[in-house]
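These notes are about the structure you will find just below.
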Protein chains: 2
Amino acid sequence: MTVSKTFEKPAEAIKVRKDAPEGTSEALQLGELSEQLGYVLKRAQLKVFENFLRCMASLQLTPAQFSVLLLVEKNPGRNQTEIASTLGILRPNFVAMLDNLESRDLCARIRSTNDRRSHILVLTDKGKAVLTRAKKLVATKHEARLNELLGPANRAALLAMLSKIANEF
Amino acid sequence: MTVSKTFEKPAEAIKVRKDAPEGTSEALQLGELSEQLGYVLKRAQLKVFENFLRCMASLQLTPAQFSVLLLVEKNPGRNQTEIASTLGILRPNFVAMLDNLESRDLCARIRSTNDRRSHILVLTDKGKAVLTRAKKLVATKHEARLNELLGPANRAALLAMLSKIANEF
DNA sequence: TGATAATTGTTATGGACTATATCAAATATC
DNA sequence: GATATTTGATATAGTCCATAACAATTATCA
């Protein structure tokens with residue numbers, strides 16, 4: 001992927017390109033693929049998550065973990081089922097995720113006094129501090145880059161359309 | 001999620017809602033989550049893929065399989081490495097995928113005469129016919145619904161922005 | 001009240017997708 | 001012609017996602 005690859009062999013740079021018999025070569029045509037919204041949507045999502053992970057490398061937070069911390073902060077006192085379901089996470093899969101966050105002292109499970117089956121979720125002090133730093137990283141590194149690429153108006157329009165798809169499709 | 005839930009017990013409809021001690025209840029606040037582009041992007045992508053699968057249920061084609069057929073049709077005579085890499089699929093993972101498509105007689109591997117290591121990929125007659133039907137289903141059911149939801153102009157703008165993210169982010 | 005049903009967190013488990021190392025056959029390089 | 005590279009393939013491990021089942025607790029209601 002390095003650009004320097006091009007300059008490694010300047011002497012033979014003009015040769016006929018490998019030994020292609022008669023065919024075309026090199027770049028493939030995407031064709032209708034580049035018009036398929038699902039395809040482009042998936043590629044864009046992977047790129048955004050990839051960048052998110054890079055921006056959050058110092059805090060070791062995945063997009064899913066960040067969303068849990070955000071939701072628990074906004075809705076303190078809710079139980080696992082409520083937090084998990086609004087994030088689209090199945091309860092069984094949420095257990096290991098919370099084990100991770102709890103082992104890092106970012107959030108805590110508290111037995112509810114009203115319903116002793118359920119665990120109330122809250123952020124620890126460290127969790128609040130980490131989330132604050134995470135928000136700053138996301139704003140200054142991640143979302144800022146998107147704003148730079150699209151412009152604020154386009155970014156808002158993109159978010160609105162994606163929300164519409166996510167909620168009404 | 002049914003609205004009828006509200007009407008199941010009209011007699012006690014005014015009770016204090018369960019036995020909540022003093023807390024708020026019911027709907028959780030998404031808060032900043034709904035402003036996170038990555039979060040909304042992921043939710044939208046899941047919805048679009050879900051709808052795609054429903055539209056393609058009669059042909060039993062996943063988004064990934066559809067993209068392979070589209071790319072092979074547009075670029076006949078390419079080998080596995082070329083097709084896989086332009087789709088972002090790792091070669092080892094592409095093997096089972098091709099095994100599936102080949103077992104269904106949708107595409108075929110042909111030993112290249114130029115380079116006997118590589119397998120040239122082509123669509124079978126059945127593969128071409130299935131792809132034609134798949135394109136119609138996608139156009140009339142899937143993309144049509146998106147056009148209906150967003151409008152053609154917005155859909156085009158959305159595609160353009162997602163492409164920009166996918167390519168330049 | 002007491003029997004039954006439902007809910008909560010949890011474990012176990014399987015499937016789908018992704019990522020890396022490795023291999024034999026074939027080809028490229030020098 | 002010796003060495004390195006490429007291609008398709010296998011094995012394997014990790015991460016998500018989904019379902020069934022269970023104990024503890026609570027809700028329902030006859």
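Values reported hereafter were calculated over all heavy atoms of this structure, with side chains retained and with hydrogens, waters and symmetry mates removed. Every chain is numbered from 1 and lettered A, B, ... according to where its sequence line falls, protein lines coming before strand lines.
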At a cut-off of 3.5 Å, list every protein nitrogen or oxygen paired with a nitrogen or oxygen from nucleotides 22-24 of chain D, distance to 0.1 Å.
none

> B:Phe49 has an atom CZ; how far is it from atom P of D:dC16, in whole Å?
Replying inline: 17 Å

>> If the condition is side chain to side chain contact (heavy atoms under 4.5 Å, CB included), which residues does B:Arg43 pass it with, not counting sequence neighbours?
In response: A:Ala166, B:Tyr39

> Got a sec, which residues hit side chain to side chain contact (heavy atoms under 4.5 Å, CB included) with A:Leu90, two or more places apart in sequence or on another chain?
Replying inline: A:Pro92, A:Asn93

> Tell me: CG of B:Asp115 to P of C:dA24, nearest whole Å?
Replying inline: 19 Å

>> What is the distance, to the nearest angstrom, from the CG atom on A:Asn100 to the P atom on D:dG14?
In response: 15 Å

> Excluding sequence neighbours, so at least two apart, what forms ring pair (Phe, Tyr, Trp, His ring centres under 6.0 Å) with A:His119?
Replying inline: none

>> Can you work out whether B:Arg111 or A:Asp99 has the more 5'-proximal nearest nucleotide on DNA chain C?
In response: A:Asp99

> Can you check whether B:Leu37's main-chain N or O pairs, donor with acceptor, with A:Glu143's side chain at less than 3.5 Å?
Replying inline: yes

> Phosphate oxygens OP1/OP2 of D:dT25: is one of them under 4.0 Å from a side-chain N or O of A:Ser118?
Replying inline: no

Distances for protein N or O near nucleotides 16-20 of chain C N or O, under 3.5 Å:
| from | atom 1 | to | atom 2 | distance (Å) |
| --- | --- | --- | --- | --- |
| C:dA19 | N7 | B:Asn93 | OD1 | 3.3 |
| C:dA19 | N7 | B:Asn93 | ND2 | 3.0 |
| C:dA19 | N6 | B:Asn93 | OD1 | 3.0 |

>> Judged by each residue's nearest nucleotide on DNA chain C, which is more toward the 5′ side, B:Ser112 or A:His119?
In response: A:His119

> Given atom CE of A:Met97 and atom C1' of D:dT15, what is their separation to the nearest angstrom?
Replying inline: 12 Å

> Is a salt bridge present between A:Glu102 and A:Arg109, judged by a nitrogen-to-oxygen distance below 4.0 Å?
Replying inline: yes

> Who pairs with B:Asn167 by side chain to side chain contact (heavy atoms under 4.5 Å, CB included), at least two apart in sequence or on another chain?
Replying inline: B:Ser163

> Between C:dG9, D:dG8, D:dA9, which one does the side chain of B:Thr81 approach most closely?
Replying inline: D:dG8

> Taking atom P of D:dT15 as reference, at what distance in whole Å does atom CD of A:Gln60 sit?
Replying inline: 12 Å

> Where do B:Leu150 and A:Lys164 come nearest, in terms of heavy atoms and distance?
Replying inline: CD2-CD, 4.3 Å

>> Distance check needed: D:dC16 C1' versus B:Arg43 CZ, whole Å only.
In response: 15 Å

> Is there a donor-acceptor pair closer than 3.5 Å between any side-chain N or O of B:Glu82 and the backbone N or O of A:Leu28?
Replying inline: no

> CD of B:Glu50 versus P of D:dC17: gap in Å, rounded?
Replying inline: 13 Å

>> Just to verify, which of B:Val72, B:Leu59, B:Leu123 counts as forming a side-chain contact (heavy atoms from CB on, under 4.5 Å) with B:Leu131?
In response: B:Leu123

>> From CD of A:Gln45 over to P of D:dC16, roughly how many Å is that when rounded to an integer?
In response: 12 Å

